[in-house]
S.K.: 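Just dropping this structure here.
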Amino acid sequence: MMRAVCLITCLLLALTSRSQLNYAVSAIPKTLLPRAGAVVRNSETNIEVKALDDVISKHRIAITVLNSSGANDASIDLYYDKTTQIKSAKGVIYNEFGMPVSKFTEKNFNDRSAVSDISLYEDSRVKSFRPAQTSYPYTIEYEYEIRRKQSLYFPEWFPVGTTGVAIEKSSLSFTCPASFNLRYKTLNYPGKVEELSDKETKTFKWQVSNINPLRYEPYSPDYEQFLISVKLAPESFAFKNIKGSFKNWDEYGRWMYENILKGRDELPEQTRSLVLDMVKDVQNPKDKAKKIYEYMQNKTRYISIQIGIGGYQPYPAAEVDRLGYGDCKGLVNYTQALLKVAGIESYYVIVEAGQFKKDLLSDFTSMNQGNHAILCLPFENDTTWLECTSKIKPFGFLGDFTDDRQVVVCSAQGGKLMRTPKLETAGNRQIRHAEFQVSKTGDLTGTVVTNFEGSQYDNHDILYNEAYAEQLKKLPKLYPLPNLEIKSLQFTKKKEAKPVTTESISLNSAGYCSFNGSKLHLVINSLNKYTNVPKEVRNRVNPVFINRGWHDEDVITYQLPESYKLNLPQEKTRIDKPFGSYSADISFSGNKIVYKRIMQLNEGTYAPEEYQNLVDFFQTVSEADHGKLIVESMK
């Protein structure tokens, strides 16, 4: 037993000696420790293009995890598919003194589907390793090698991809044949690229050292604007027996059309006849398109399918027609094919989708950008955009998942950068009217009618898509009234150019009001309390960024028991700031109370000094929203 322990120790020490680095926590420069949850001790990424279909990347990384906030930074995720092979993976874990305590190899990784929880089928998988350490600090050092049978895209280099992580040393090198043309773009890189070349190869190298951790600051712009990164892209490439080249969005769009999209729009004759019959009596092209779009919505459903040429190529339209489902690419291609039968022109569009608006870069073209597909219909003076994965979105309405961002439109004529329509603050509305009666025992009964518009159109779709029994279960999470009983619930959707969802509720809330002698305690705002007050941040660096503006109005009428005769002055609260406004008015008449609340947040970028004003604004709003009225009986 003693001999075995000694042998393991010797092996670990041998691994350690190769590193030539001191991983003791005490060796970390003290200037890197403030606000750090983890420190990258050393990170080396070496990419080598041996041929257009043979790219090797070698990675060696050492990270010291100082506390639980840095635990996620020690996780390892290695993605692979039919074009990407993990050649090797291994590592060592060290204690705070830099002494090895355990090692791991590829067999210790968990192998699973990369997107199995949302995808019907995919050929992308991931091998993951999570250190089992329960005490801090510790250091994990690992190395792995990846072989890619393609040169269409390369991994981006982010020395640090998040806040709270410091860097001692990090480097990226890219080696390729002398004839290979590499395109690259650096963001926030403090130096200049180092270039070395000889007759056969050339090498590009970027490196940074002693980078302090970036602090998390709420309401900041996209952190990619602050993080150091290098984006890489080829001029000529090979991918799954397809060769090509592009160096701008125009060439990208043409390549996409010719190699990825062309020829996948064939439909069965029966479907073609159905489409023609469907629109035979419709004259206006836009009305035809709407009819076809709604047919597609009713016939299909969205399911992720991560197969094909790198997940870039859509399923053939005939297959989507037969199966009745598809991913964003397949559904866009299918809708485009249906429209083509009716003689309506449309374009396949690549967009970076998400709640946080993000543009494709104008001056750098790469396959790494864009994660979603939508459809563009270039009607004269009325360009229309379609989200093809939703069964309920109105014709011509994208919603906040893809609005107001730069996208690339792909066609036989080439690629064109365009901007999707913007959902303006004034139109992103939630308008609510409630009529309540309060009984002598403090019970509340009444109706609530809410209209959701613009970016708030799908606010309560978590309910809309559920069976009625499930809606009743989930409603108390949205309206946390005591002892809530729903008597009726109804949704209607007005599917127009400016769509509106209307939610109508009839409810009871037993014991809503409490009594103290003859005094009645009434929670005046029971439906829309603001609770998301951000933390204070001293010496803020980043500008204040509000990604999207919105406007809420609530008018609630309370009819009190006859014994409560009110003759009180109106109460008013007003706050006006560049980034938003808030008002709350309470008026009294007889035994009736009318509460009117208006809150608006304005999209935009504001000076860092405005952050404390923003915190104070939200804090004041929260306190006003949580106020109570005490009303005394006149008997």
Side-chain angles (χ1 to χ4, degrees), residues 219 354-357 384-385 387 390 392-405 420-436 446-465 475 477-480 489-505 507 524-532 545-557 572-586 594-604 606 614 617-618 620-622 624-625:
Y219 285 91
Q355 299 301 318
F356 202 97
K357 293 182 283 189
T384 300
W385 304 80
E387 172 55 67
S390 171
I392 60 176
K393 271 193 168 55
F395 176 81
F397 180 74
L398 288 179
D400 60 4
F401 194 54
T402 54
D403 82 308
D404 190 26
R405 62 204 76 192
T420 55
K422 179 178 181 178
L423 296 173
E424 300 286 353
T425 297
N428 299 330
R429 307 200 309 163
Q430 177 180 286
I431 311 297
R432 176 176 288 127
H433 292 269
E435 297 278 348
F436 290 141
T447 59
V448 182
V449 178
T450 309
N451 287 338
F452 302 99
E453 306 171 34
S455 67
Q456 304 205 64
Y457 170 74
D458 55 2
N459 271 11
H460 286 189
D461 275 3
I462 187 175
L463 299 177
Y464 182 79
N465 293 321
L475 198 64
K477 294 181 180 179
L478 300 174
Y479 298 110
L489 170 64
Q490 183 179 8
F491 284 98
T492 58
K493 284 188 176 287
K494 190 176 181 181
K495 294 186 175 182
E496 298 182 351
K498 293 184 178 181
V500 181
T501 297
T502 300
E503 174 193 79
S504 302
I505 305 172
L507 59 84
I524 194 67
N525 179 9
S526 56
L527 302 176
N528 194 7
K529 297 178 182 178
Y530 195 86
T531 58
N532 190 25
F545 178 72
I546 298 175
N547 180 57
R548 188 182 303 283
W550 46 263
H551 179 95
D552 282 6
E553 290 187 24
D554 297 88
V555 178
I556 307 174
T557 300
K572 295 183 178 181
T573 302
R574 294 282 189 278
I575 312 173
D576 285 297
K577 299 290 183 182
F579 45 75
S581 60
Y582 174 87
S583 67
D585 295 348
I586 305 174
V594 179
Y595 170 76
K596 184 175 182 180
R597 174 192 188 272
I598 301 176
M599 182 176 178
Q600 179 167 306
L601 201 62
N602 298 325
E603 175 182 331
Y606 306 90
L614 183 72
F617 172 75
F618 284 134
T620 303
V621 169
S622 180
D625 280 352

S.K.: Can you spot which of Phe579, Tyr582, Tyr606 makes a ring-ring contact (aromatic ring centres under 6.0 Å, His included) with Phe617?
M.R.: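 The passing option is Phe579.
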S.K.: With heavy-atom distances below 4.5 Å as the criterion, would you say the side chains of Glu603 and Asn428 are in contact?
M.R.: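 They are not in contact (no side-chain heavy atoms under 4.5 Å apart), so the answer is no.
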S.K.: With a 4.5 Å heavy-atom cut-off, do Asn525 and Asp554 have their side chains touching?
M.R.: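 No - every pair of side-chain heavy atoms lies 4.5 Å or more apart.
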S.K.: Tell me whether Asp404 contacts the main-chain N or O of Leu423 through its side chain, where contact means a donor paired with an acceptor under 3.5 Å.
M.R.: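 The answer is no, because no donor-acceptor pair under 3.5 Å joins these two groups.
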S.K.: With Glu435, which residues qualify under side chain to side chain contact (heavy atoms under 4.5 Å, CB included), at least two apart?
M.R.: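 Scan of Glu435 (side chain to side chain contact (heavy atoms under 4.5 Å, CB included), adjacent residues dropped) gives Thr447, Thr557.
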S.K.: Could you go through the side-chain hydrogen bond (donor to acceptor under 3.5 Å, both in side chains) check for Asn451 and Glu453 one step at a time?
M.R.: CA-CA 7 Å; Asn451 287 338; Glu453 306 171 34; 4.9 Å; no
S.K.: To the nearest 0.5 angstrom, please state how far the OG atom of Ser583 sits from the CD atom of Glu553.
M.R.: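 Output value for this atom pair is 8.5 Å.
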S.K.: Please assess Phe356 against Phe401 for the test ring-ring contact (aromatic ring centres under 6.0 Å, His included), listing each intermediate value before the final yes or no.
M.R.: CA-CA 8 Å; Phe356 202 97; Phe401 194 54; over 10 Å; no
S.K.: If you compare all heavy atoms of Arg432 against all heavy atoms of Thr450, which two are closest, and at what distance to 0.1 Å?
M.R.: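 Closest approach of Arg432 to Thr450: NE-OG1, 2.9 Å.
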S.K.: What are the two closest heavy atoms between Val594 and Val555, and how far apart are they?
M.R.: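 Looks like CG1-CG1, 4.3 Å.
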S.K.: Walk me through whether Thr501 and Phe491 qualify under side-chain contact (heavy atoms from CB on, under 4.5 Å).
M.R.: CA-CA 7 Å; Thr501 297; Phe491 284 98; 4.1 Å; yes
S.K.: Could you tell me which residues satisfy side chain to side chain contact (heavy atoms under 4.5 Å, CB included) with Pro499, sequence neighbours excluded, listed by chain and number?
M.R.: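 Result, side chain to side chain contact (heavy atoms under 4.5 Å, CB included) vs Pro499: Pro394, Phe397, Tyr457.
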S.K.: With rounding to the nearest 0.5 angstrom, report the CD to CD distance, Glu503 to Gln430.
M.R.: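 Going from the CD atom of Glu503 to the CD atom of Gln430 covers 8.5 Å.
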S.K.: Is there a side-chain contact between Asp461 and Lys493 in this structure, where contact means two heavy atoms from C-beta onward sitting under 4.5 Å apart?
M.R.: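 Yes. Closest side-chain heavy atoms under 4.5 Å.
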S.K.: I would like to know whether Tyr464 and Phe452 meet side-chain contact (heavy atoms from CB on, under 4.5 Å); could you show each step before the answer?
M.R.: CA-CA 12 Å; Tyr464 182 79; Phe452 302 99; over 6 Å; no
S.K.: Quick one: does Arg405's side chain have a donor or acceptor within less than 3.5 Å of a partner on Asp403's backbone?
M.R.: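 Judged by distance alone, yes, a pair lies under 3.5 Å.
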S.K.: With distance as the sole criterion, is a donor-acceptor pair present between the side chains of Gln456 and Asp552 under 3.5 Å?
M.R.: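 Yes, side-chain donor-acceptor contact under 3.5 Å.
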S.K.: Looking only at heavy atoms, what is the nearest atom pair of Gly446 and Phe436, with distance?
M.R.: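 For Gly446 and Phe436, the tightest heavy-atom pair comes out as CA-CD2, 3.8 Å.
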S.K.: So Ile505 and Leu475, side-chain contact (heavy atoms from CB on, under 4.5 Å) or not? Walk me through it.
M.R.: CA-CA 10 Å; Ile505 305 172; Leu475 198 64; 4.0 Å; yes
S.K.: Quick one: does Ile598's side chain get under 4.5 Å of His551's, heavy atoms only?
M.R.: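 Yes, their side chains come closer than 4.5 Å.
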S.K.: Answer yes or no: is there a side-chain heavy-atom contact under 4.5 Å between Asn532 and Phe618?
M.R.: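 Heavy-atom side-chain distance check fails, nothing below 4.5 Å.
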S.K.: Could you grab the distance from atom OG1 of Thr620 to atom NZ of Lys577, nearest 0.5 Å is fine?
M.R.: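 If we round to the nearest 0.5 Å, Thr620:OG1 and Lys577:NZ are 8.5 Å apart.
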S.K.: Counting neighbours of CD1 on Ile462 that are heavy atoms of other residues, nucleotides or ligands and sit closer than 6.0 Å, is the number greater than 12?
M.R.: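 No, the 6.0 Å shell around CD1 holds no more than 12 heavy atoms from other groups.
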S.K.: Report the residue from Lys596, Lys572, Arg597, Arg574 that forms a side-chain hydrogen bond (donor to acceptor under 3.5 Å, both in side chains) with Asp585.
M.R.: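 So, applying the side-chain hydrogen bond (donor to acceptor under 3.5 Å, both in side chains) to Asp585 and each of Lys596, Lys572, Arg597, Arg574, only Arg574 qualifies.
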S.K.: Are any non-hydrogen side-chain atoms of Gln355 and Asp400 less than 4.5 angstrom apart?
M.R.: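 Yes, their side chains come closer than 4.5 Å.
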S.K.: Does Arg548 reach the side chain of Lys357, with side-chain heavy atoms less than 4.5 Å apart?
M.R.: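 Arg548 vs Lys357: side chains touch.
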S.K.: As a quick check of understanding, evaluate side-chain contact (heavy atoms from CB on, under 4.5 Å) for Tyr479 and Leu527, giving each step before the final call.
M.R.: CA-CA 6 Å; Tyr479 298 110; Leu527 302 176; 3.8 Å; yes
S.K.: Please examine the side chains of Ile524 and Ile586, heavy atoms only from C-beta on, and report whether any two atoms are closer than 4.5 Å.
M.R.: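 Of all side-chain heavy-atom pairs linking Ile524 with Ile586, at least one is under 4.5 Å.
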S.K.: Looking at Asn602, is its backbone amide N or carbonyl O close enough to the side chain of Thr425 to form a donor-acceptor pair, meaning the two atoms are under 3.5 Å apart?
M.R.: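 Such a contact is absent between Thr425 side chain and Asn602 backbone.
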